[in-house]
Asker: 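Let me begin by handing over the structure; questions about it come next.
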Amino acid sequence: MLRSIKGLKDILPQQTPQWRYMETLAHTLATQSGFSEIRIPIFESTELYARSIGGATDIVEKEMYTFPDRDGSSLTLRPEGTAGVVRAVLEHHLLESPSTRKLYYLGPMFRHERPQAGRYRQFNQFGVEAFGTEDPLMDVEVIALLWRFFNSLGLKDLTLHINSIGNSQDRENYIQEFKRFILPKLELICGNCQRRYSTNPLRILDCKVPICQEATQDAPTLFDHLSPESASHFKTVLDGLTVIDIPFSMNYRLVRGLDYYTRTTFEITTPHLGAQSTIGAGGRYDGLVALLNGPSTPAIGFAVGLERVALLLSQHLSTPHPPLFFVAGFGKDAKPMALKLLHNLRETGIRADTDYKSVNLKSLLRSADKLGASYAIILGDDEARSETAILRNMTTKAQESVNLKEISQKILSLTL
RNA sequence: GUGGGUGUAGCUCAGUUGGUUAGAGCGCCGGAUUGUGGAUCCGGAGGUCGCGGGUUCAAUUCCCGUCACUCACCCCA
């Protein structure tokens, strides 16, 4: 049997209503907060991702779907959304207009990881990016939008973890000190972390291996090494969250995996998803726009993993369909009339269907029942002769004869 | 990339201490006097027992390999 590619999955009819619900909510909430939708390509030049995400990260090192174009240039399926949005923003000068500095997107991302619960090789993200201000209240606004999205979906037991990793200078200073601290313990920590010592020392703090956690127990915290500006920025963010009653949990060890993050970083977790507990995360990236040859521009954003959210959604979250009318046409003369009726109903805006496999009234009604029709419209040769049809309520079994000329209007009044 | 678990009908799973026609429930299709559905009863279709090899008179069952799915490590949304 032909199967889908490993780590990819179909979203089946039973699930699509929930997806629409999530997506609609994302559009609504983002728009309410003044964000405009942007749609960008799902692949870009490899260089864009390599430069923005960081060469020493796992994403760039081993998780990208990279392939040569026919002219030999290297392309990559997008592993995340921010880099592409920044590229588009610069290419189309969106920073020039106040109305296009807050953007959101929805769409598939690709990472070649080993699949497991809540982790796929193609997965969908809802993300927002706000450019051009370093006001900490923008941090609050972005986090509040993320929080509100989850709340509106009825998600429970969520924790907002938050930290500040400072600006690049703060981090540089801290890294020096942290390296001095960890150097004597280098033999104790895991091999992965020994490698990180030279590539990405901050991630040692985030390591889940017990010996590493122990080794960094008394490490100096980045939090204590923030510059006065970064510290005051962070304090204003926390105060702002308090003002609007968003509970948070300080997490000094929270270091995000992408190189471009600065200052505020945050992550929302759930205890109900096994190992993949993060359902949304983000932070500031004040240096990225400049890194991609744009004007020095502060920015902040988040991304939500929609597959993970979908796993948490209650099955009841779906938009109900309008009532279905089943046209049961049978008999030589009646069938063409039934075809015309079905077509007319649909043109009138009524949800209508039939079943071409069923040939007698019994099997037609059975099909009507299986399809969940609210009404069946019976049109046999007897009815055809008098230009009428029988309108049957499938739940009450009440039925009446209706003139074919009036039936669309009659049905329209029923659906209101 | 590394480890664990699982692969029998469309779905959920039994089963065979190795033995000849492999089962159930649900679902699907049909019938119960010919133009009235759902319930009930009856019947039917549907399986290379993941794939390949080995042991054996005999393998779905035991052994080896392989693939797929899954969970976890890692990493991240």
Side-chain angles (χ1 to χ4, degrees), chain A residues 1-9 14 53 56-64 78-82 106-127 146 150 190-193 195-196 200 203 206-209 212 254-258 266-270 273-283 301-312 326 328-331 334 355 357-384 390-399:
Chain A
M1 198 201 311
L2 258 34
R3 305 179 128 278
S4 72
I5 304 301
K6 182 200 281 285
L8 274 54
K9 75 184 189 82
Q14 212 176 7
I53 296 168
T57 61
D58 277 18
I59 293 180
V60 172
E61 266 184 359
K62 50 194 185 198
E63 294 175 1
M64 295 204 302
R78 65 184 185 193
E80 58 103 42
T82 302
L106 236 22
M109 307 296 163
F110 306 83
R111 290 181 201 170
H112 189 107
E113 298 181 88
R114 197 72 177 263
Q116 72 187 69
R119 193 169 77 184
Y120 307 95
R121 289 183 174 180
Q122 174 178 336
F123 57 100
N124 288 276
Q125 287 190 335
F126 157 46
L146 178 61
F150 292 141
C190 75
N192 219 327
C193 283
R195 196 174 61 91
R196 285 174 177 144
N200 195 351
R203 288 211 54 82
D206 213 18
C207 186
K208 276 137 205 139
V209 178
C212 301
L254 178 65
V255 177
R256 314 258 50 255
L258 285 59
F266 53 92
E267 179 170 306
I268 291 182
T269 61
T270 170
L273 275 188
Q276 260 54 51
S277 57
T278 303
I279 56 175
F302 69 66
V304 174
L306 294 179
E307 275 76 6
R308 291 182 186 177
V309 175
L311 288 171
L312 296 173
F326 184 94
F330 60 105
D355 172 22
K357 263 175 72 182
S358 303
V359 290
N360 54 40
L361 183 54
K362 185 192 184 75
S363 57
L364 281 163
L365 284 175
R366 191 181 301 162
S367 293
D369 193 53
K370 298 252 162 74
L371 291 175
S374 305
Y375 290 84
I377 301 166
I378 300 168
L379 211 178
D381 285 346
D382 293 352
E383 289 75 22
I390 297 170
L391 183 59
R392 176 183 177 83
N393 183 318
M394 292 297 282
T395 40
T396 66
K397 294 183 166 184
Q399 54 185 50

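All values reported here derive from a predicted model rather than from experimental measurement. Protein chains get the first letters and strands the later ones, always in sequence-line order, with residue 1 at the start of each.
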Asker: Does any non-hydrogen side-chain atom of A:Lys62 lie less than 4.5 Å from one of A:Asp58?
Answerer: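 Counting from C-beta outward, A:Asp58 and A:Lys62 do come under 4.5 Å.
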Asker: Do A:Glu113 and B:G1 have a side chain to base donor-acceptor pair shorter than 3.5 Å?
Answerer: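 No, no donor-acceptor pair under 3.5 Å.
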Asker: Between B:C69, B:U2, B:C76, which nucleotide gets closest to the side-chain atoms of A:Arg3?
Answerer: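 Output: B:C69.
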Asker: Could you state the atom-to-atom distance from CG of A:Leu364 to P of B:G35 in whole Å?
Answerer: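 In whole Å, B:G35 P and A:Leu364 CG are 12 Å from each other.
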Asker: As an exercise, state the distance from CZ of A:Arg78 to CZ of A:Phe110, rounded to the nearest 0.5 Å.
Answerer: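 Result: 7.0 Å between the selected atoms.
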Asker: So what does A:Glu267 touch, heavy atoms closer than 4.0 Å: a base, only the sugar-phosphate, or nothing?
Answerer: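 The residue A:Glu267 makes no contact with any strand.
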Asker: Do any N or O atoms of the protein come closer than 3.5 Å to N or O atoms of nucleotides 27-34 of chain B, and which pairs are they?
Answerer:
from  : atom 1 : to       : atom 2 : distance (Å)
B:C29 : OP2    : A:Lys370 : NZ     : 3.4
B:G30 : OP2    : A:Arg366 : NH1    : 3.4

Asker: Identify whether any heavy atom of A:Ile390 sits under 4.0 Å from a base atom; if not, whether one sits that close to sugar-phosphate; answer base, sugar-phosphate or nothing.
Answerer: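 The residue A:Ile390 makes base contact.
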Asker: Does a side-chain heavy-atom distance below 4.5 Å link A:Ile59 with A:Arg111?
Answerer: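 Yes. Closest side-chain heavy atoms under 4.5 Å.
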Asker: Do we see A:Phe330 stacking on the base of B:G35, given a limit of 5.5 Å between centres and 30° between planes?
Answerer: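 Answer is no, no stack.
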Asker: Of the nucleotides B:A77, B:G35, B:C74, which one has an atom closest to the side chain of A:Ile378?
Answerer: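 Closest nucleotide to the A:Ile378 side chain: B:G35.
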Asker: Between B:C74, B:G37, B:A77, which nucleotide gets closest to the side-chain atoms of A:Tyr120?
Answerer: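 From the listed options, B:A77 comes nearest.
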Asker: Look up atom CZ in A:Phe330 and atom CG in A:Asn360, then write down how far apart they are to the nearest 0.5 Å.
Answerer: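 If I round to the nearest 0.5 Å, the distance is 8.5 Å.
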Asker: Would you kindly give the CZ-to-C1' distance between A:Arg392 and B:G37, to the nearest whole Å?
Answerer: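 Computing the A:Arg392:CZ to B:G37:C1' distance gives 7 Å.
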Asker: Base, sugar-phosphate alone, or nothing: which one does A:Glu61 contact when heavy atoms must sit under 4.0 Å apart?
Answerer: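 It contacts nothing in the nucleic acid.
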Asker: In the strands shown, is B:A72 matched to any nucleotide by a Watson-Crick or G-U wobble pair with both distances under 3.5 Å, and which?
Answerer: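 When the pairing criteria are applied, B:U2 turns out to be the nucleotide that pairs with B:A72.
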Asker: Nearest whole angstrom, please: distance from the P of B:G35 to the CG of A:Leu361.
Answerer: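 Rounded to the whole Å, the gap is 8 Å.
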Asker: Given B:U36, B:C74, B:A77, identify the nucleotide with an atom nearest to the side chain of A:Leu365.
Answerer: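 From the listed options, B:U36 comes nearest.
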Asker: Taking atom P of B:U70 as reference, at what distance in whole Å does atom CG of A:Leu8 sit?
Answerer: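 From A:Leu8 CG to B:U70 P: 11 Å.
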Asker: With a 4.5 Å limit on heavy-atom distance, are the side chains of A:Ile390 and A:Glu383 in contact?
Answerer: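 Answer yes - side chains close enough.
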Asker: Between B:C76 and A:Gln116, counting only base atoms on the nucleotide and side-chain atoms on the residue, is there a donor-acceptor pair under 3.5 Å?
Answerer: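 For A:Gln116, whose side chain was compared with the base of B:C76, there is no donor-acceptor pair (under 3.5 Å).
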Asker: Would you indicate what A:Asp382 reaches in the nucleic acid, counting non-hydrogen atoms under 4.0 angstrom: base, sugar-phosphate, or nothing?
Answerer: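 Base contact.
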Asker: Could you let me know what B:A59 is paired to, Watson-Crick or G-U wobble, both distances under 3.5 Å, or none if it's on its own?
Answerer: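 Across all strands, not a single nucleotide pairs with B:A59.
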Asker: Using a heavy-atom cut-off of under 4.0 Å over every strand shown, decide if A:Glu80 touches base, sugar-phosphate, or nothing.
Answerer: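 Nothing, no heavy atom under 4.0 Å.
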Asker: Within the 4.0 Å limit for protein heavy atoms, which parts of nucleotides 39-48 of chain B are touched? Write it as a string from 5' to 3', B for base, S for sugar-phosphate only, - for none.
Answerer: ----------
Asker: Need the pair for B:C51. Rule: Watson-Crick or G-U wobble, both distances under 3.5 Å, any strand; none if unpaired.
Answerer: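 Pair assignment: B:C51 / B:G65.
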Asker: Any strand counts, and the cut-off is 3.5 Å on both contacts for Watson-Crick or G-U wobble. Which nucleotide pairs with B:A45?
Answerer: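 No nucleotide pairs with B:A45.
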Asker: Could you identify the nucleotide paired to B:G18, looking across every strand shown and requiring Watson-Crick or G-U wobble geometry with both distances under 3.5 Å?
Answerer: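 Because no pair has both required distances under 3.5 Å, B:G18 counts as unpaired.
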Asker: Judged by atom type as modelled, is there a donor-acceptor pair below 3.5 Å linking the side chain of A:Asn393 to the main-chain atoms of A:Ala398?
Answerer: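 No, the answer is negative, given that no donor and acceptor are paired below the 3.5 Å cut-off.
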Asker: Is there a Watson-Crick or G-U wobble partner for B:G35 with both distances under 3.5 Å, and which nucleotide is it?
Answerer: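 Its partner is none (no Watson-Crick or G-U wobble pair with both distances under 3.5 Å).
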Asker: Look at the side chain of A:Ala275 and decide which nucleotide, out of B:A72, B:C76, B:U36, has an atom nearest to it.
Answerer: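 Closest nucleotide to the A:Ala275 side chain: B:A72.
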Asker: List, one per line, each side-chain donor-acceptor pair under 3.5 Å for residues 366-380 of chain A, sequence neighbours excluded.
Answerer:
from     : atom 1 : to       : atom 2 : distance (Å)
A:Ser367 : OG     : A:Asp355 : OD2    : 2.6
A:Ser367 : OG     : A:Ser358 : OG     : 3.0
A:Ser367 : OG     : A:Ser363 : O      : 3.1

Asker: Mark yes or no for whether A:Arg308, through its side chain, and A:Thr278, through its backbone, hold a donor-acceptor pair below 3.5 Å.
Answerer: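 Answer holds: yes.
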Asker: My understanding is that only one of A:Met109, A:Glu63, A:Glu113, A:Met64 makes a side chain to side chain contact (heavy atoms under 4.5 Å, CB included) with A:Pro79; could you say which?
Answerer: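 The passing option is A:Met64.
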Asker: Considering only B:A72, B:G37, B:A77, which nucleotide approaches the side chain of A:Arg114 most closely?
Answerer: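 In terms of side-chain proximity for A:Arg114, the closest of B:A72, B:G37, B:A77 is B:A72.
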Asker: A:Ala368 near the nucleic acid: base, sugar-phosphate alone, or nothing, with a heavy-atom cut-off under 4.0 Å?
Answerer: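 No contact.
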Asker: Name the nucleic acid region contacted by A:Met394, choosing base, sugar-phosphate or nothing; use a 4.0 angstrom heavy-atom cut-off, strictly under.
Answerer: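 Touches a base.
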Asker: Taking any heavy-atom pair under 4.0 Å as a contact, classify A:Gly127: base, sugar-phosphate, or nothing.
Answerer: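 It contacts nothing in the nucleic acid.
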Asker: Should B:A24 form a Watson-Crick or G-U wobble pair with both distances under 3.5 Å, which nucleotide is its partner?
Answerer: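 B:U12 is the nucleotide pairing with B:A24.
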Asker: Please state how far atom CG in A:Leu379 lies from atom C1' in B:U36, giving the value in whole angstrom units.
Answerer: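 Result: 14 Å.
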Asker: Quick one, A:Arg114 and A:Arg119 - any side-chain contact, counting heavy atoms below 4.5 Å?
Answerer: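 In contact.
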Asker: A side-chain contact here means heavy atoms from C-beta on lying under 4.5 Å apart; do A:Phe150 and A:Leu312 qualify?
Answerer: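 Not touching, per the 4.5 Å side-chain cut-off.
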Asker: Measure CG/A:Asp58 against C1'/B:U2 and give the value in whole Å, please.
Answerer: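 Rounded to whole Å, this separation is 14 Å.
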Asker: Assert yes or no for the condition that the ring centre distance of A:Phe302 to A:Phe126 is strictly below 6.0 Å.
Answerer: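 Yes, ring centres under 6.0 Å apart.
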Asker: Roughly how many Å is it from CG in A:Leu311 to C1' in B:C71, rounded to a whole number?
Answerer: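 A:Leu311 atom CG is separated from B:C71 atom C1' by 14 Å.
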